[in-house]
Trainee: 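The structure follows.
Being a predicted model, the structure only gives us computed values, none of them experimental.
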Amino acid sequence: MANEQIPAYSPASAGAGSRPHRVLEKFSALFSALVVREVLQAAFLIWLARREMAGYGQVMLALGFGQILFQFADFGLNQHLVCQSSRRPADLGGELWTVVFVKSLLLGLGGLVAWLFILTQDYGTSLSAILLLLALGVGLESLAGAFFTVCQFQERQHAESRIRMAGAVAGFGFGLVALALGLPLRIVALYKLVESAINVAGGALAVRRRLRFPVCWPGGPALLATVRGGVVFALIGLVAIIYNKANLFFLQRAGGPAAVAQYSATWQIVDGVTGVFCGLLLGKTLFPLLARLVTENFAEATRLARETTRWLVLLAFVLMIGLAVERDRFIPLIYGGGYENAVWMQRWLVIAIGLGFLNNHAAFLMISVNRPGVLLGFHLAGIAVNLVLCGVLIPAHPLAGAVAAILIAKAVVGLLTVGFCQFRFGLLQARPLAQVLAALAAGAILYRSLMGLGVRELSEGALLLPLLVLGGFWWKTRRRAPA
């Protein structure tokens, strides 16, 4: 319950959870690997785009095609693996092999369908080869994801980080060398297979060192149970994609490609920021930890969930304010001129960062306590609200309607998910919320007081200063065990 008293932490009561959780350390390792990959990918794609515009378009088409194959093969099985392993850790090896086996079957089936689809299209030999090679490379990441999920469950994010870095360096290094040598694009496209093969092999070896899993036919009942367990997570992912993207189709009809471009310019920034923290911090660091703690030590899981919530609220406000006040500089810097509508939209769309942080945190907690079906229902409610609002608001006011529809839909889903977890974990505590509100009020007063000086950076820095001071105070007074 929200008002229940959580027992004081002690190693004796924590059992397996008595070690420091090292959340920031593990997040930093994954974030470092992401930065390395994104830098290499940017260099590769920019060089490709400058060398051959048509080839760049073909590669981007193939990568999008591969994402469909990846989603089909992944099938929500990583979340299923974490949930099953947290309840039956002794069966981790068997569960992992069953998941890998099912993903391999799905990847083979999806690859066959993709090949048959390409045969029906008039793509030509070169484009067909590029599509198949890149789609297979992206799809193979689903297998690597299963091994990396076990690494995350075992709190070995550093091992995952090293493997991902090696894969990115080898894969994009191959692609850059191939571009430098002027090799055909179908040869260049092998870069993704190189990266994915290293991720799969490295992940399997990393897991195999500490975990034995039977490489054999897992049995019909085990396969059926795994597929059935993954269905709800696959549906949650699909529904989340739909309710995040539905307004684009309404916007295209009401405002045309130009309106979609304006909206997408700011949404890519907002969604990108949200995705980094929700994917790496919540999904790959905290979710495996909380799923295990819920079964081993619910009091410690509750403490960690509450601690995470207050930091997410503080971080969300810092990011939202920073992106809002600098929107008129940030968007032209990235996209150039002509995106005036994106500038005013970002002032409002940054709210989606805070909603996304809390919604994703609550969603992972719901999965941890074995309530994925309820979570799916909440997301279906979000789709219903979004579709109704898109149909009502966007035809008359395309851009404002699209912004309002997505924010209200996310608020509805967040109200449901956070409300559920508030009842179960007491996520939002009065004292840290009051401290954040006081810091916001102090920042607003400083901002108004310094605006008259005409130094924009000074007033904007003063707006964020109380939040940063509060963060420093929390960090200094944080509980040392576990941190």
Trainee: Could you give all pairs that pass the side chain to side chain donor-acceptor pair (under 3.5 Å) test and reach residues 102-116, with sequence neighbours left out?
Mentor: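 Matches after skipping sequence neighbours: D74-K103, N78-K103.
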Trainee: For the residue pair E300 / H21, report whether a side-chain donor-acceptor contact shorter than 3.5 Å exists.
Mentor: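 Judged by distance alone, the side chains do pair up.
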Trainee: To the nearest 0.5 Å, tell me how far R22 CZ sits from Q157 CD.
Mentor: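 Interatomic distance, R22 CZ to Q157 CD, rounded to 0.5 Å: 8.0 Å.
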Trainee: Distance-only criterion, 3.5 Å: show the donor-acceptor pairs between side-chain atoms of residues 273-288 and protein atoms not counting sequence neighbours.
Mentor:
| from | atom 1 | to | atom 2 | distance (Å) |
| --- | --- | --- | --- | --- |
| T274 | OG1 | V270 | O | 2.9 |
| T285 | OG1 | L280 | O | 2.9 |

Trainee: Got a donor-acceptor contact below 3.5 angstrom from the N360 side chain to the G356 backbone?
Mentor: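 Answer holds: yes.
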Trainee: Would E25 and H158 count as a side-chain contact (heavy atoms from CB on, under 4.5 Å) here? Give the steps.
Mentor: CA-CA 9 Å; E25 182 183 333; H158 285 81; 3.3 Å; yes
Trainee: Going by heavy atoms in the side chains, are L440 and L437 under 4.5 Å from each other?
Mentor: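 The answer is yes; the side chains approach within 4.5 Å.
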Trainee: Over all heavy atoms of both residues, which pair between K410 and A352 is shortest? Give the atoms and the distance, please.
Mentor: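 That closest heavy-atom pairing would be CD-CB, 4.0 Å.
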Trainee: Side chains of S196 and V138: does their closest heavy-atom pair fall under 4.5 Å?
Mentor: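 Result no, sub-4.5 Å side-chain heavy-atom pair not found.
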Trainee: How many angstroms lie between atom CG of L81 and atom CZ of F147, to the nearest 0.5 angstrom?
Mentor: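 Answer rounded to 0.5 Å: 10.5 Å.
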Trainee: What pair of heavy atoms forms the shortest contact from A381 to L416, and how long is it?
Mentor: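 Of all heavy-atom pairs spanning A381 and L416, the closest is CB-CD1, 4.1 Å.
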Trainee: If you look at every heavy atom in I269 and Q346, which pair is closest and at what distance?
Mentor: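 Minimum heavy-atom contact is CD1-OE1, 3.6 Å.
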Trainee: For the backbone of A240 and the side chain of N244, can you confirm whether one donor and one acceptor N or O come within less than 3.5 Å of each other?
Mentor: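 Side chain of N244 to backbone of A240, a donor-acceptor pair under 3.5 Å: yes, one is there.
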Trainee: Centres of the Y56 and F44 rings: under 6.0 Å?
Mentor: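 Judged by ring-centre distance (under 6.0 Å), Y56 and F44 do not meet the cut-off.
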Trainee: Can you say whether the rings of W474 and W311 are parallel (under 30°), tilted (30 to 60°) or perpendicular (over 60°)?
Mentor: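 Perpendicular, since the angle between the ring planes exceeds 60°.
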Trainee: Under 6.0 Å from the CZ atom of R186, do we count more than 12 heavy atoms belonging to anything else shown?
Mentor: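 Not buried by this count: 12 neighbours or fewer within 6.0 Å.
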Trainee: Under 3.5 Å, sequence neighbours excluded: what are the donor-acceptor pairs made by side chains of residues 58-70?
Mentor:
none

Trainee: Measure the spacing between CG of L40 and CG of L45 and express it to the nearest 0.5 Å.
Mentor: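 That separation rounds to 11.0 Å.
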Trainee: For Y335, does the OH atom have more than 12 heavy-atom neighbours from other residues, nucleotides or ligands under 6.0 Å away?
Mentor: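 Yes, enclosed.
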Trainee: Kindly compute the distance separating CD1 (I406) from CD1 (I351), expressed to the nearest 0.5 Å.
Mentor: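 These two atoms lie 12.5 Å from each other.
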Trainee: Applying side chain to side chain donor-acceptor pair (under 3.5 Å) as the test, list every pair that has at least one member in residues 368-377; sequence neighbours left out.
Mentor: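 Those involving residues 368-377 are R87-N370.
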Trainee: Is it the case that atom CZ in R51 sees more than 12 heavy atoms from other parts of the structure closer than 6.0 Å?
Mentor: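 It does: R51 CZ has more than 12 such atoms within range.
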Trainee: Mind checking whether F317 and L464 have side chains closer than 4.5 Å, heavy atoms only?
Mentor: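 F317 does not reach L464 side chain to side chain.
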Trainee: Does L375 reach the side chain of F420, with side-chain heavy atoms less than 4.5 Å apart?
Mentor: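 They are not in side-chain contact.
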Trainee: Go through the steps to decide whether L319 and V350 satisfy the test side-chain contact (heavy atoms from CB on, under 4.5 Å), and finish with yes or no.
Mentor: CA-CA 8 Å; L319 292 172; V350 292; over 6 Å; no
Trainee: State, yes or no, whether a side-chain contact exists between V23 and T308 at a heavy-atom distance under 4.5 Å.
Mentor: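 The answer is no, as the side chains (C-beta and beyond) never meet within the 4.5 Å cut-off.
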Trainee: Which pair of non-hydrogen atoms, one from G76 and one from F233, has the smallest distance, and what is that distance?
Mentor: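 For G76 versus F233, the nearest heavy atoms are O-CB, 3.3 Å.
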Trainee: Which residues pass the side-chain hydrogen bond (donor to acceptor under 3.5 Å, both in side chains) test with N199, sequence neighbours left out?
Mentor: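 Scan of N199 (side-chain hydrogen bond (donor to acceptor under 3.5 Å, both in side chains), adjacent residues dropped) gives E141.
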Trainee: Could you go step by step and tell me if T309 and L358 meet the side-chain contact (heavy atoms from CB on, under 4.5 Å) rule?
Mentor: CA-CA 7 Å; T309 302; L358 291 178; 4.1 Å; yes
Trainee: Mind listing the closest non-hydrogen atom pair of S85 and L92 along with its distance?
Mentor: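 Taking S85 first and L92 second, the nearest heavy atoms are OG-CD1, 2.8 Å.
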Trainee: For residues P432 and V313, determine if any side-chain heavy atom of one lies less than 4.5 Å from a side-chain heavy atom of the other.
Mentor: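 The answer is no; the side chains never approach within 4.5 Å.
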Trainee: If we only count heavy atoms from C-beta on, is the F153 to L96 side-chain gap below 4.5 Å?
Mentor: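 Heavy-atom side-chain distance check fails, nothing below 4.5 Å.
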Trainee: So, the side chain of S142 versus the backbone of G139: is there a donor-acceptor pair under 3.5 Å, distance only?
Mentor: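 Indeed, once roles are kept as given, a pair shorter than 3.5 Å links the two residues.
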Trainee: Ignoring hydrogens and angles, write down the donor-acceptor pairs under 3.5 Å from the side chains of residues 161-177, residues two or more places apart or on other chains.
Mentor:
| from | atom 1 | to | atom 2 | distance (Å) |
| --- | --- | --- | --- | --- |
| S161 | OG | A29 | O | 2.7 |
| R164 | NE | E160 | OE2 | 2.9 |
| R164 | NH2 | E160 | OE2 | 3.4 |

Trainee: State the NZ-CG distance between K245 and N386, to the nearest 0.5 angstrom.
Mentor: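 Answer for the NZ-CG pair, K245 versus N386, is 12.0 Å.
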Trainee: Between V294 and S86, is there a side-chain heavy-atom distance shorter than 4.5 Å?
Mentor: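 Counting from C-beta outward, S86 and V294 never come under 4.5 Å.
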Trainee: Any donor-acceptor pair under 3.5 Å linking the side chain of T417 with the backbone of A362?
Mentor: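 Answer holds: no.
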Trainee: Quick check: closest heavy atoms across G55 and L48, and the distance to 0.1 Å?
Mentor: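 Closest approach of G55 to L48: O-CD2, 4.3 Å.
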Trainee: In Å, rounded to the nearest 0.5 Å, how long is the span from CG of L223 to CZ of R228?
Mentor: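 If I round to the nearest 0.5 Å, the distance is 11.5 Å.
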Trainee: What's the verdict on side-chain contact (heavy atoms from CB on, under 4.5 Å) for Q41 and E38, showing C-alpha distance, side-chain angles and the deciding distance?
Mentor: CA-CA 5 Å; Q41 179 174 249; E38 291 300 312; 3.6 Å; yes
Trainee: Above 12 or not: heavy atoms from other molecules or residues under 6.0 Å from CZ of F101?
Mentor: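 More than 12 within 6.0 Å, yes.
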Trainee: Between H361 (side chain) and A305 (backbone), is there a donor-acceptor pair under 3.5 Å?
Mentor: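 Here the side-chain-to-backbone pair exists.
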